[in-house]
Amino acid sequence: MPRMMQDDDRMETGNIGGSRGFHFSAIRIEHLGATEYTLVTIGVDVTGSVFGFEAELRGCLIKAVESCKKSPRANNLLLRVFLFSTSLLPNGVEEIHGFKPLHEVDPSKYPELHPGGGTPLYDAAFSAAGAT
């Protein structure tokens with residue numbers, strides 16, 4: 001599999017089945033320290049229908065990640081976050097980060113959101129379920 005991030009050789013990409021060209025990234029298996037993990041995928045709607053709620057959406061995303069850190073499984077939790085909107089090319093789904101150990105996630109570094117476009121809900125659900 002090709003590597004997704006040049007500056008971190010611990011991440012690699014994976015293809016999600018089908019012909020839509022969806023990908024996800026995740027930490028490489030040899031860098032995981034436990035035998036089992038809980039996977040969490042968060043998809044954020046950044047379509048035109050949420051215009052005006054950018055700050056609230058970002059705040060909600062940060063709260064969701066902070067809530068995961070309170071889980072009894074937090075030490076063995078891998079988190080993936082992606083945005084979805086038809087304004088995101090090429091397929092309406094843009095990964096903020098792939099499955100990473102929760103302790104490596106800094107939600108304060110999440111980008112500002114810029115809503116626009118339509119709702120590719122099928123594609124978002126396909127990406128979430130396929131990667132998870």
Side-chain angles (χ1 to χ4, degrees):
M1 284 185 204
R3 293 197 175 127
M4 180 166 172
M5 299 180 180
Q6 299 295 330
D7 60 340
D8 185 357
D9 66 359
R10 294 171 32 141
M11 297 289 284
E12 67 180 41
T13 61
N15 292 321
I16 299 171
S19 61
R20 294 188 176 272
F22 291 109
H23 303 284
F24 69 95
S25 59
I27 191 149
R28 297 176 65 134
I29 291 174
E30 60 266 21
H31 295 292
L32 295 174
T35 58
E36 61 182 33
Y37 285 87
T38 298
L39 300 179
V40 175
T41 299
I42 299 174
V44 182
D45 180 351
V46 290
T47 64
S49 62
V50 297
F51 185 80
F53 297 99
E54 299 89 344
E56 291 88 345
L57 276 172
R58 187 171 179 276
C60 183
L61 172 59
I62 290 169
K63 286 284 187 192
V65 174
E66 289 171 354
S67 294
C68 288
K69 291 183 178 187
K70 295 177 183 176
S71 166
R73 301 280 307 150
N75 291 335
N76 291 33
L77 192 146
L78 300 177
L79 176 68
R80 175 181 184 239
V81 176
F82 70 91
L83 309 175
F84 64 94
S85 169
T86 57
S87 65
L88 302 172
L89 299 176
N91 56 25
V93 175
E94 180 181 301
E95 192 172 75
I96 293 178
H97 62 78
F99 288 111
K100 294 173 78 169
L102 188 58
H103 64 72
E104 292 182 11
V105 176
D106 181 1
S108 68
K109 302 223 182 212
Y110 286 151
E112 297 297 320
L113 304 177
H114 303 285
T119 309
L121 191 56
Y122 175 81
D123 294 337
F126 184 82
S127 176
T132 303

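Checked against side-chain contact (heavy atoms from CB on, under 4.5 Å), T132 has the following partners two or more places apart in sequence or in another chain: L39, T41, F99. Under the ring-ring contact (aromatic ring centres under 6.0 Å, His included) criterion, F82 pairs with no residue at all, not counting sequence neighbours. A search for side-chain hydrogen bond (donor to acceptor under 3.5 Å, both in side chains) contacts involving Y110 returns H97, not counting sequence neighbours. Here I42 pairs with V40, V44, L61, A64, V65, L79, V81 under the side-chain contact (heavy atoms from CB on, under 4.5 Å) rule; sequence neighbours left out.
Closest approach of C68 and A74 over heavy atoms only: O-CB, 3.7 Å. The two atoms that bring G92 and P120 nearest to each other are O-CG, 3.8 Å, heavy atoms only. Between P107 and V105, the shortest heavy-atom contact is CD-O, 3.4 Å.
Atoms CD and CG, on E94 and L89 in that order, are 9.5 Å from each other to the nearest 0.5 Å. Here CG of L113 is found 10.5 Å from SG of C60. Values are rounded to the nearest 0.5 Å. Note that CD of E95 is 14.5 Å distant from CZ of F84, once rounded to the nearest 0.5 Å.
Although no hydrogens or angles enter the test, the distance criterion places a donor-acceptor pair under 3.5 Å between the side chain of S67 and the main chain of K63. A side-chain donor-acceptor contact under 3.5 Å links S85 to the backbone of G116.
Residue pairs that meet the salt bridge (charged side-chain N to carboxylate O under 4.0 Å, His left out) test with at least one member in residues 34-52, sequence neighbours left out, are E36-R73. Residue pairs meeting the side chain to side chain donor-acceptor pair (under 3.5 Å) criterion with at least one partner in residues 49-61, sequence neighbours excluded, are T47-S49.
In the hydrophobic clustering of this structure, I62 groups with L77; members are Ile, Leu, Val, Met, Phe, Trp, Tyr whose side-chain heavy atoms approach within less than 4.5 Å, directly or through other members. Under the 4.5 Å side-chain heavy-atom criterion for grouping Ile, Leu, Val, Met, Phe, Trp and Tyr, L102 is connected to I96 within one hydrophobic cluster.
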